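Here is the structure we will look at, set down as structure tokens.
Treat the numbers as computed from the prediction; the structure is a model and nothing was measured. Below, chains carry the letters A, B, ... as their sequence lines are ordered, and counting in each starts from 1.
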Amino acid sequence: MALRAVAAPRCVRRFFSTSTLPAFNPPLPTKEAPLQKPNPEPNTNLCISGLNKRTTTSEKLREKASEFGEVVHAKVVTDRVSGYSRGFGFVEYATLEDAAKGIEGMDGKFLDGWVIFAEYARPRAPRMQPSGNMSSPYGNRSPSYHHQ
DNA sequence: CTTGAGCGG
């Protein structure tokens with residue numbers, strides 16, 4: 001029970017094939033495949049992919065996500081050096097259940113004419129949580145190293 | 001920098 005409808009393992013799913021293949025059998029009808037972890041553990045942080053690379057739908061994403069639950073924070077990831085959107089964003093819900101509803105609600109849906117995918121986000125890369133002030137590059141105590 | 005398969009400060 002509690003299995004997702006169209007939730008594919010990880011994020012590798014394909015559109016409807018326009019060309020009808022002769023007969024493509026699945027890997028193996030075995031019970032379980034020792035491939036990779038099905039889905040990450042539940043988290044209030046959601047990763048939304050499938051955004052238009054030429055459009056910053058940060059507010060749309062937030063509006064869309066707020067329909068399923070209370071969105072604490074929503075942001076579209078854009079390249080810091082280039083300034084262009086990378087085509088995906090993050091949505092943080094107030095609670096885990098809202099995050100689940102957000103995934104179930106936005107995952108596989110269309111946004112800006114493109115399919116978007118929602119999944120639990122992993123702990124982002126380091127280099128975040130700046131103390132806001134670094135005067136001493138040498139004798140800096142870096143009190144912000146205590147992440148989470 | 002007008003197009004994808006991806007995890008940001």
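Residue whose closest nucleotide on DNA chain B sits further toward the 5' end, between A:Y84 and A:G87: A:Y84. Along DNA chain B, the nucleotide nearest A:H73 and the nucleotide nearest A:K53 are compared for position; the residue whose nucleotide lies closer to the 5' end is A:K53.
If you check distances only, the side chain of A:N45 does reach the base of B:dG8 with a donor-acceptor pair under 3.5 Å.
As rounded to whole Å, 16 Å separates atom P of B:dG8 from atom CG of A:L61. What separates CD of A:E119 from P of B:dG6 is a distance of 12 Å, to the nearest Å. Note: CG (A:N52) to P (B:dG6) measures 18 Å, nearest angstrom. Note: CD (A:E41) to C1' (B:dC7) measures 15 Å, nearest angstrom. Spacing between atom CD of A:E92 and atom C1' of B:dG8 amounts to 12 Å, rounded to whole angstrom units. A:D79 places its CG atom 16 Å from the C1' atom of B:dT3, with the value rounded to the nearest Å. Straight-line distance from the CD1 atom of A:I48 to the P atom of B:dG4: 20 Å, rounded to whole Å. Taking atom CG on A:D112 and atom P on B:dT3, their separation rounds to 17 Å, with Å as the unit.
By the stacking rule of 5.5 Å between ring centres and under 30° between planes, A:W114 does not stack on the base of B:dG4.
Checking B:dG8, B:dG9, B:dA5 against every side-chain atom of A:A121, the shortest atom distance belongs to B:dG8. For A:F90, whose side chain is taken as the heavy atoms from C-beta onward, the closest listed nucleotide among B:dA5, B:dG9, B:dC7 is B:dC7. Listed nucleotides: B:dC7, B:dT3, B:dG9. Nearest to the side chain of A:K75: B:dG9. The nucleotide whose nearest atom lies closest to any side-chain atom of A:S49 is, among B:dT2, B:dG8, B:dG6, B:dG6.
Considering only heavy atoms from C-beta on, A:M106 comes within 4.5 Å of A:I48 through its side chain. Residues A:Y84 and A:D79 have side chains not in contact (no heavy-atom distance under 4.5 Å, counting atoms from C-beta outward).
Looking at heavy-atom distances under 4.0 Å, A:F88 makes contact with sugar-phosphate atoms alone, never a base. Counting non-hydrogen atoms under 4.0 angstrom, A:T78 reaches the backbone sugars and phosphates but no base.
Closest of all the heavy-atom pairs between A:P42 and A:L96 is CB-CD2, 3.5 Å. Among all heavy-atom pairs drawn from A:V76 and A:S85, the shortest one is CG1-CB, 4.3 Å.
Environment of CD in A:E63: sparse, with no more than 12 heavy atoms of neighbouring residues, nucleotides or ligands closer than 6.0 Å.
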